[in-house]
Asks: 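Before I ask anything, here is the structure I am working with.
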Amino acid sequence: MITLYHCHAARSFRPLWMLEELGLAYELKMLPFPPRVFAKEYLALNPLGTIPLMIDGETKMTESSGICHYLGTKYGPTPLMVGLDEPAYGAFLNWMYFSDATLTFPQTLVLRYSQLEPEERRNPQVATDYAKWFLGRLCADRFTAADIVIGYALRLADNIALAKDFGPNVAAYWQRLQARDGYKRAVAAETLAGEQQNVARRS
């Protein structure tokens with residue numbers, strides 16, 4: 001059984017969505033955010049204290065886009081992956097890495113300097129500058145695992161109020177991603193696990 005450690009709306013949503021698209025059985029373990037502060041016992045499993053953590057037998061992984069690549073490769077064949085023999089293979093890998101290395105990075109700065117830092121440390125200029133930087137780098141393509149990892153960046157943008165600035169193509173692309181059954185199942189699994197976690201915490 002694959003186990004995925006997840007926080008609501010965190011990067012771990014990428015492998016959660018990938019698991020649903022692949023139809024794989026998994027156990028979802030919800031943690032409070034950030035787990036390194038609010039779930040100290042988690043550090044025994046992942047000393048970094050970051051999310052996600054996926055455990056598949058002896059395999060442990062912490063990088064969300066890498067987990068998607070692993071799942072698609074190990075549990076394929078699947079059209080979610082682009083093969084070595086396909087002309088789009090290089091572009092596929094580029095988008096897989098781009099999703100975190102380039103695309104999500106500015107969003108974390110927007111989130112930090114507009115919401116997470118104490119009021120006196122917030123910096124609206126940093127948030128505004130990086131919001132513009134993020135919005136200049138979006139693009140759409142056929143649905144693969146790359147769309148899952150890029151799609152999470154759009155979900156995060158929606159959560160931190162950047163989606164209002166999406167151009168029409170990006171907005172339409174984001175609507176199409178949200179309409180996928182796999183996406184809806186991942187959101188439902190996240191919501192249900194979060195509700196169960198809240199009940200357990202109150203008990």
Asks: Would you please indicate if the ring centroids of Tyr5 and Tyr42 are separated by under 6.0 Å?
Replies: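 Here the rings of Tyr42 and Tyr5 have centres that are less than 6.0 Å from each other.
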Asks: Could you go through Met81 and His69, starting from their C-alpha distance and side-chain angles, then the distance that decides it, and tell me whether this counts as side chain to side chain contact (heavy atoms under 4.5 Å, CB included)?
Replies: CA-CA 8 Å; Met81 303 303 289; His69 199 161; 3.1 Å; yes
Asks: Are Leu192 and Val187 linked, directly or through other ILVMFWY residues, by side chains that come within less than 4.5 angstrom of each other?
Replies: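 Shared cluster, no.
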Asks: For Ser12, run the side chain to side chain contact (heavy atoms under 4.5 Å, CB included) check against Met54, Met30, His6 and tell me which one passes.
Replies: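 It is His6, the one option of Met54, Met30, His6 that forms the side chain to side chain contact (heavy atoms under 4.5 Å, CB included) with Ser12.
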Asks: Using a strict cut-off of less than 4.0 Å between a Lys/Arg side-chain nitrogen and an Asp/Glu carboxylate oxygen, indicate whether Asp147 and Arg180 qualify as a salt bridge.
Replies: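 Not counted as a salt bridge, because no side-chain N and carboxylate O are separated by less than 4.0 Å.
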Asks: Working note: Met61 + Leu53, criterion side chain to side chain contact (heavy atoms under 4.5 Å, CB included); need CA distance, chi angles, decisive distance, verdict.
Replies: CA-CA 6 Å; Met61 296 180 68; Leu53 170 66; over 6 Å; no
Asks: If I take atom CG from residue Leu71 and atom CG from residue Leu80, how far apart are they, to the nearest 0.5 angstrom?
Replies: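 Interatomic distance, Leu71 CG to Leu80 CG, rounded to 0.5 Å: 10.5 Å.
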Asks: Take the angle between the ring planes of Tyr75 and Tyr70 and call it parallel below 30°, perpendicular above 60°, tilted in between.
Replies: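 The rings of Tyr75 and Tyr70 stand perpendicular, inter-plane angle above 60°.
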Asks: Going by side chain to side chain contact (heavy atoms under 4.5 Å, CB included), Arg36 matches just one of Ile51, Leu31, Leu43. Which one?
Replies: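 Of Ile51, Leu31, Leu43, side chain to side chain contact (heavy atoms under 4.5 Å, CB included) with Arg36 is met by Leu43 alone.
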Asks: Using atom types as modelled and distance alone, determine if a side-chain donor or acceptor of Glu86 lies under 3.5 Å from a backbone N or O of Gly83.
Replies: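 Answer holds: yes.
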Asks: Might you point out which heavy atoms bring Ala193 and Leu28 nearest each other, and give the distance in Å?
Replies: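 Shortest heavy-atom separation between Ala193 and Leu28 comes out as CB-CD2, 3.7 Å.
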Asks: Tell me whether Arg14 contacts the main-chain N or O of Val149 through its side chain, where contact means a donor paired with an acceptor under 3.5 Å.
Replies: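 Present.
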Asks: With hydrophobic residues grouped by side-chain heavy-atom distances under 4.5 Å, do Ile150 and Leu93 end up in a single group?
Replies: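 In one cluster with Ile150: Leu93, yes.
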Asks: Over all heavy atoms of both residues, which pair between Leu16 and Ala189 is shortest? Give the atoms and the distance, please.
Replies: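 Where Leu16 meets Ala189 most closely, the heavy atoms are CD1-CB, 4.3 Å.
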Asks: Hey, quick one: are Tyr26 and Ile55 part of the same hydrophobic cluster, counting side-chain heavy atoms closer than 4.5 Å, chains of contacts allowed?
Replies: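 Not linked; separate clusters.
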Asks: Taking the six-membered ring of Phe13, is NZ or CZ of Arg155 closer than 6.0 Å to its centre and within 45° of its axis?
Replies: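 Satisfied, under 6.0 Å and within 45°.
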Asks: Measure the acute angle between the ring planes of Phe98 and Trp95, then classify it against the limits of 30° and 60° as parallel, tilted or perpendicular.
Replies: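 Answer is perpendicular, since the angle exceeds 60°.
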Asks: Take Phe166 and Trp174, measure what side chain to side chain contact (heavy atoms under 4.5 Å, CB included) needs, and give me the verdict at the end.
Replies: CA-CA 9 Å; Phe166 286 171; Trp174 176 220; 3.9 Å; yes
Asks: Please report the C-alpha distance between Glu21 and Tyr183 in whole Å, then the side-chain angles of each, then the deciding distance to 0.1 Å, and finally whether the side chain to side chain donor-acceptor pair (under 3.5 Å) criterion is met.
Replies: CA-CA 8 Å; Glu21 290 283 352; Tyr183 176 87; over 6 Å; no
Asks: Would you say Glu190's side chain and Ala186's backbone share a donor-acceptor pair under 3.5 angstrom?
Replies: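 Pair absent, no side-chain N/O of Glu190 close to backbone of Ala186.
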Asks: Apply side chain to side chain contact (heavy atoms under 4.5 Å, CB included) to the pair Leu177 and Phe143, showing each step before the final yes or no.
Replies: CA-CA 9 Å; Leu177 291 180; Phe143 192 84; 3.7 Å; yes
